[in-house]
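Structure first, commentary second.
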Protein chains: 2
Amino acid sequence: MAATIKDVARHAGLSIATISKYLNGGHVLDANRVLIDLAVAELEFKVNGMARSLKTSRTMTVGVLIPNLESIFCTSIVSNVENVLQEFGYSTLVCDYRQDPVMERRKLAFLADRQIDGLLMMPLGNDPELLEPLRARNIPHVLIDRPVAGSDCDTILVDNLNASYAAVEHLVVQGHRRIGIIRGPQGIHTAEERLKGYTRVHEDYNLPVEKVLIRNGEYRTEDGYGQMSALLDLDVPPTAIFVTNYEMTLGAVMALNERNVRIPEDLSVIGFDNHSLTSLVKPPLSIVVQPIREIGEMAAQTLLRRMRDDRAGFPILCRMKTQLLLQASVGPPRTP
Amino acid sequence: MAATIKDVARHAGLSIATISKYLNGGHVLDANRVLIDLAVAELEFKVNGMARSLKTSRTMTVGVLIPNLESIFCTSIVSNVENVLQEFGYSTLVCDYRQDPVMERRKLAFLADRQIDGLLMMPLGNDPELLEPLRARNIPHVLIDRPVAGSDCDTILVDNLNASYAAVEHLVVQGHRRIGIIRGPQGIHTAEERLKGYTRVHEDYNLPVEKVLIRNGEYRTEDGYGQMSALLDLDVPPTAIFVTNYEMTLGAVMALNERNVRIPEDLSVIGFDNHSLTSLVKPPLSIVVQPIREIGEMAAQTLLRRMRDDRAGFPILCRMKTQLLLQASVGPPRTP
DNA sequence: TGAAGAGAGCGAAACGTTTCGCGATTGAGG
DNA sequence: CCTCAATCGCGAAACGTTTCGCTCTCTTCA
């Protein structure tokens, strides 16, 4: 059907080897260059990627494994990653595992079986054995956003602890003493770190940590909604709240709107992640901004280097800084 | 490095052909089956996809080309598509073209060159020539959400016209006479259809269409914000507004919040697409709900059939129905 | 003028599968 | 006991590249 390199060779009156050499950037006589270009154009020849891959054992494809394709944080990262990789001729095989550890393994195995040249992943599990399929096949990989304990592995993430610290500290400085936090799932690294930031501020400022103000969520909108409602139902509700991811921030704001809680008069709010969120609610929400673009690009760059067998600095641990975007949603606590 | 089918053959004391046959579902003697299973397990043999693809000329990969990886509508569809395809052993090569017609062509060519078995795309351009690379290589493809004029092509979309009609009609029935619409980009099919629904209602109810109430947007948040603001600045602002996609709805609500416009007392609002949006704002927003999951699944199913050379009903045009989710954001117009 | 060396082209052997056609084995039926 | 058919296994030829090592042709310089 489609023209092969053989056809090009015949058409140009040269050997296959010469065509291949030229196609891969080798030098040929000017006259032959013209001949080949002509033949390629006339036959509409495209190299057959499978055949090439079979010989070179490179597929020019990288896998991207994320917990959720419907989380804006994840897809923004994917988008930036894809942009960088594509410049270098790589395609991205995107999979989400829907926050399910079993599916995570399944899809990881799936990707590993597909002869990808490298993998970027946001792991859910914390078990170094999870990465075994990659090691077994010697597939370079870079973790994003979450480390996997005890695994030597390049990792790009943000300084969640200090991100959280800065947010909570700001609330404390404003005079808040009862600060609620809606934290992420237990065992998830980002969630633990963000909680640590919270407690560390309390330690550093000699404030008691009240268990009841620390609420568990699973990073879902409904958790934000439910836990925010629960906090408001307390005999003495907090005067400020820190919500530790986008979806839960969404939920928390829903709960606040529903009850006509005034921000920041009744409650100061700091959320996480999403820009558009800041201005959707009134007043504009203060948020912790993650350097999403930089994360994606850095992860892609790092993976590219590893795929080039550049092992410099392995394992890299890149901990990026967040930014605290302060807006009108934070004020001093209401004087009782 | 990794074990090949040859190693398995040697280890099991059988021929390559037999191993291959068994691996592909063929029948072998029970005794041999055991031997092969054993060898496969012991050598940790995995078939080499590239070699297989080279022989079968199927890559078990489908491309997915969308305008934007950061639009929830697009990624939700991708997620559902991926889910179905994966069940059948296919991977998805996801690309976004960032709403850029040049990049659209580039990425389409990129995907076509990568020996994909099929392609799903949400086109921006309306030029049948756009799909040429696919036809040239005989790659089955299904369009999602937007048709390409004059191209024989399976297409899965929603009945945008009647979706819009239902929303606007509801506003009319509530008594509204000055209804604003923030429409999408000119030339984009969904946008034109949604506008048609709007004008058709006006025709059917003998209402004048006021040019000034029809606002142009490019489906971006800032357009929703800007055009909503402009509408509010009119000498006689509309009493109801229909916003025709998610991002612009977001923007419009921002503008409304900023100016303390009461919903629905001052203005009735119907938005588009996003569930979480409905309850984030107060009161809950009425929206046009697209059957996102069904679109994704139908598109995937259709593509699967085409890749199986099942040409039944070609070209399919599947126009799905939307649902109008009515909530408190719509009421009768304020009596002046 | 001749030898050395650079540059270019070529043939052939891989890469790891699938598949075609043929030969061998087995079991049943006459 | 012979024949025939059905079943199963095998050898070998692809698939379309890349790449190794060789040959050939010029150029250049002693």
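Naming: A, B, ... by sequence-line order, numbering from 1 per chain.
Judged as a side chain to side chain donor-acceptor pair (under 3.5 Å), and not counting sequence neighbours, A:N126 has no contacts. Taking A:R106 as the reference, nothing meets the side chain to side chain donor-acceptor pair (under 3.5 Å) condition, with sequence neighbours excluded. Partners of A:T190 under the side chain to side chain donor-acceptor pair (under 3.5 Å) rule, at least two apart in sequence or in another chain, are A:Y219. For the salt bridge (charged side-chain N to carboxylate O under 4.0 Å, His left out) test, residues two or more places apart in sequence or in another chain that qualify with A:D154 are A:R306.
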Show me the donor-acceptor pairs, under 3.5 Å and distance only, between side chains in residues 84-92 of chain B and residues at least two apart or in other chains.
| unit_1 | atom_1 | unit_2 | atom_2 | d |
| --- | --- | --- | --- | --- |
| B:Q86 | NE2 | B:E82 | OE2 | 3.2 |
| B:Y90 | OH | B:R58 | NH2 | 2.8 |
| B:S91 | OG | A:R114 | NE | 3.1 |
| B:S91 | OG | A:R114 | NH1 | 2.9 |
| B:T92 | OG1 | A:V94 | O | 3.4 |

Quiz: residues 32-46 of chain B side-chain donor-acceptor pairs under 3.5 angstrom, not counting sequence neighbours:
| unit_1 | atom_1 | unit_2 | atom_2 | d |
| --- | --- | --- | --- | --- |
| B:D37 | OD1 | B:Y22 | OH | 2.9 |
| B:D37 | OD2 | B:Y22 | OH | 3.3 |
| B:E42 | OE1 | B:H11 | NE2 | 3.0 |

What side-chain donor-acceptor pairs closer than 3.5 Å can you find for residues 127-135 of chain A, not counting sequence neighbours?
| unit_1 | atom_1 | unit_2 | atom_2 | d |
| --- | --- | --- | --- | --- |
| A:D127 | OD1 | A:E129 | N | 3.0 |
| A:E129 | OE1 | A:R105 | NH1 | 3.2 |

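Contact annotation: B:N32 side-chain N/O to D:dG9 OP1/OP2 distance is under 4.0 Å. Contact annotation: B:H27 reaches the phosphate of D:dC8 (side-chain N/O to OP1 or OP2, under 4.0 Å).
Each end of the helix from C:dT1-D:dA30 to C:dG30-D:dC1 gets its own axis, taken as the rotation carrying the C1' atoms of four end pairs onto the next four within a five-pair window, and the two axes meet at 40° to the nearest 10 degrees.
Between B:S79 and A:R98, the side chains place a donor N or O and an acceptor N or O closer than 3.5 Å (distance only, hydrogens not considered).
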Base versus backbone protein contacts along nucleotides 10-20 of chain C [heavy-atom cut-off under 4.0 Å; B, S, -] | BB--BBBBBB-

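Rounded to whole angstrom, the span from the CG atom of A:D30 across to the P atom of C:dG7 amounts to 15 Å. Rounded to whole angstrom, the span from the CD1 atom of B:I36 across to the P atom of D:dC8 amounts to 12 Å. Between the P atom of C:dG9 and the CZ atom of A:R33 lies a distance of 12 Å, rounded to the nearest Å.
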